[in-house]
Amino acid sequence: MDAHLRQQFDLLLTQAVAQFVERIEHRAGGAAEAHARLRDAPEGEGIWLGRFTEAFFADQLLDNPEGAAWVAAVLARRPGAAVAAGPVGSMLQQLARDVFAALLRDRTLELLERELVHADAGSPPA
């Protein structure tokens, strides 16, 4: 993978995580509840990881076979789940969204955990 393309992807992922964190923290009423909901039910009320990923792909013009191929190429070593049979372009798009959503979930959980640790470190001792 070309270093420039990897850097573009890393910036894209950072943007997605920041937007997703802001969204779910607001809907859940804070980092702790957002973390719990995302961990336990990523498609649950107020989280909707799949919907966010679909909208993010559309906003970033990745909701086409070419965009999906780029995401899939960058994430080629990550495990993916089987997708429903259909046209190859549709299957590739679903696979790219699913793998990206899994990575987005993992990175978001990490960021929320760091936020919680820093929040705990700044609170007065009990």
Side-chain angles (χ1 to χ4, degrees):
M1 171 67 42
D2 178 41
H4 177 71
L5 292 177
R6 182 63 199 199
Q7 183 181 33
Q8 283 184 319
F9 180 82
D10 289 343
L11 290 171
L12 181 82
L13 180 60
T14 299
Q15 179 184 359
V17 170
Q19 290 176 6
F20 192 52
V21 165
E22 181 180 351
R23 175 180 176 229
I24 65 174
E25 279 185 335
H26 175 74
R27 289 186 175 166
E33 183 63 22
H35 183 273
R37 287 187 192 182
L38 179 59
R39 183 190 62 231
D40 298 339
E43 295 304 329
E45 184 70 28
I47 303 298
W48 303 302
L49 176 62
R51 287 187 204 172
F52 177 86
T53 303
E54 284 183 33
F56 187 79
F57 268 46
D59 289 348
Q60 300 300 319
L61 307 177
L62 297 171
D63 58 342
N64 54 63
E66 294 82 9
W70 178 67
V71 170
V74 173
L75 300 176
R77 295 180 186 225
R78 288 190 60 90
V83 295
V88 171
S90 297
M91 292 171 54
L92 182 59
Q93 289 176 53
Q94 184 63 51
L95 179 63
R97 280 193 310 265
D98 290 351
V99 173
F100 186 86
L103 179 59
L104 176 61
R105 178 183 179 271
D106 293 347
R107 294 284 171 90
T108 301
L109 286 170
E110 290 171 8
L111 182 65
L112 290 169
E113 288 167 5
R114 283 195 306 269
E115 281 185 24
L116 293 170
V117 166
H118 291 299
D120 288 343
S123 60

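This structure is a prediction, so every number in the text was calculated from the model and none was measured.
Under the rule for a side chain to side chain contact (heavy atoms under 4.5 Å, CB included), the partners of A34 that lie at least two apart in sequence or sit in another chain are I24, E25, A28, L112. In this view, E33 and R37 satisfy the side-chain hydrogen bond (donor to acceptor under 3.5 Å, both in side chains) rule, not counting sequence neighbours. Qualifying side-chain hydrogen bond (donor to acceptor under 3.5 Å, both in side chains) partners for D59, counting only residues two or more places apart in sequence or in other chains: none. With sequence neighbours left out, E22 forms a side chain to side chain contact (heavy atoms under 4.5 Å, CB included) with no residue at all. With sequence neighbours excluded, no residue forms a salt bridge (charged side-chain N to carboxylate O under 4.0 Å, His left out) with D63. Applying the side-chain hydrogen bond (donor to acceptor under 3.5 Å, both in side chains) criterion to E113, with sequence neighbours excluded, gives H35. Contacts of Q19 classified as side chain to side chain contact (heavy atoms under 4.5 Å, CB included), with partners at least two apart in sequence or in another chain: Q15, F52, F56. With sequence neighbours excluded, the residues forming a side-chain hydrogen bond (donor to acceptor under 3.5 Å, both in side chains) with D10 are R6, listed by chain and number.
The two atoms that bring W70 and L12 nearest to each other are CZ3-CD2, 3.9 Å, heavy atoms only. When all heavy atoms of P42 and R105 are compared, the pair lying nearest together is CG-NE, 3.8 Å. In terms of heavy atoms, L92 sits closest to A72 at CD1-CB, 4.0 Å.
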Report the C-alpha distance between F20 and I47 in whole Å, list the side-chain angles of each, state the deciding distance to 0.1 Å, and finish with yes or no for side-chain contact (heavy atoms from CB on, under 4.5 Å).
CA-CA 9 Å; F20 192 52; I47 303 298; 3.9 Å; yes
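With rounding to the nearest 0.5 Å, the separation of CZ in F9 from CG in L62 is 9.0 Å. Distance CD/Q7 to CG/L11: 5.5 Å, rounded to 0.5 Å. In this structure, CG in L38 is found 11.0 Å from CG in L111, a value given to the nearest 0.5 Å.
Contacts classified as salt bridge (Lys or Arg N to Asp or Glu O under 4.0 Å) and involving residues 78-88 (residues at least two apart or in different chains) are given here: R78-D106. The side chain to side chain donor-acceptor pair (under 3.5 Å) analysis of residues 93-102, with sequence neighbours excluded, yields the pairs Q94-R97, Q94-D98. Listed by first and then second residue, the ring-ring contact (aromatic ring centres under 6.0 Å, His included) pairs that reach into residues 75-99 come to none, sequence neighbours excluded. Sorted pairs that involve residues 40-55 and meet salt bridge (Lys or Arg N to Asp or Glu O under 4.0 Å), not counting sequence neighbours, are lacking altogether.
Each of V21 and L116 belongs to its own hydrophobic cluster when Ile, Leu, Val, Met, Phe, Trp and Tyr are linked at side-chain heavy-atom distances under 4.5 angstrom.
A donor-acceptor contact shorter than 3.5 Å is absent between the side chain of S90 and the backbone of G86.
Around the CZ atom of R107, the shell of radius 6.0 Å holds no more than 12 heavy atoms that belong to other residues, nucleotides or ligands.
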